[in-house]
Amino acid sequence: QKEVEQNSGPLSVPEGAIASLNCTYSDRGSQSFFWYRQYSGKSPELIMFIYSNGDKEDGRFTAQLNKASQYVSLLIRDSQPSDSATYLCAVNRNTPLVFGKGTRLSVIA
Amino acid sequence: GAGVSQTPSNKVTEKGKYVELRCDPISGHTALYWYRQSLGQGPEFLIYFQGTGAADDSGLPNDRFFAVRPEGSVSTLKIQRTERGDSAVYLCASGEGLGGEQYFGPGTRLTVT
């Protein structure tokens, strides 16, 4: 059974700190990995995607992928109160996305 | 450019009624997906179109659910004999192909009373 696991949180970090969000997946053949941000009452917004092992940086966001450990993470540097949202991890292997339940992040000013 | 659009944004219907939900994908995107999201859960896959054909409908929960994309652009999700358990946010996403990035519309919140 294909599963994506995330800690539901809430994860609370002070403003300016690094927020670290983690995700594990069960399908070893997964090829594409995505992070979506979802504000309350809104739809998911794609913020990062990664296809290869290692790190990928985009502004304050860094996605990290370790296929051997079946682990993907999202780091948010210099966290801002506007980063407070639910972060959804999603994976696929040429199939529609399989989502985790999301981690709720709260950035405290 | 314009993103994915969905109509209506909210739909309240009585148990047993028929509803149609519409999705207009990003121009040029050949792949279109329907997901359903319940409170506190991640989106769950329903059906995927590549062009006009349903490439994968394995996520449709039962035969009350059906979707079409007759011209390879706009798609309609149809739910017959609605049940209270169908209440959720129905999300549409589009992309350039299977395995690539998917971009979501604002969703339709369906409430079955």
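Looking at A:L46 and B:Y103, their side chains come closer than 4.5 Å, going by heavy atoms from C-beta outward. By the 4.5 Å heavy-atom criterion applied to side chains, B:V4 and A:S43 are not counted as neighbours.
Other residues, nucleotides and ligands place more than 12 heavy atoms under 6.0 Å from the CZ atom of A:R37. More than 12 heavy-atom neighbours from other residues, nucleotides or ligands sit within 6.0 angstrom of CD on A:E57. With a 6.0 Å radius and a threshold of 12 heavy atoms from other residues, nucleotides or ligands, B:F65 has its CZ atom above the threshold. Within a 6.0 Å sphere centred on NZ of A:K101, heavy atoms belonging to other residues, nucleotides or ligands number 12 at most. Counting non-hydrogen atoms of neighbouring residues, nucleotides and ligands closer than 6.0 angstrom, the CD atom of B:E44 reaches no more than 12 such neighbours.
Contacts of A:Q38 with chain B are made by side-chain atoms alone, with heavy-atom separations under 4.5 Å and no backbone atom involved. Only the side chain of B:Q37 has a heavy atom closer than 4.5 Å to any heavy atom of chain A.
Looking only at distances, no side-chain donor or acceptor of A:S32 sits under 3.5 Å from a matching main-chain atom of B:G100. A donor-acceptor contact shorter than 3.5 Å links the side chain of B:Y35 to the backbone of A:L97.
Put simply, B:V112 and B:I79 are part of the same group of oily side chains (I, L, V, M, F, W, Y) that touch within less than 4.5 Å, one to the next.
For the pair A:P44 and B:L91, the tightest heavy-atom approach, listed with the atom from each and the gap, is CD-CD1, 3.9 Å.
Once rounded to the nearest 0.5 Å, the distance linking OH of A:Y36 with CD of B:E101 reads 8.0 Å.
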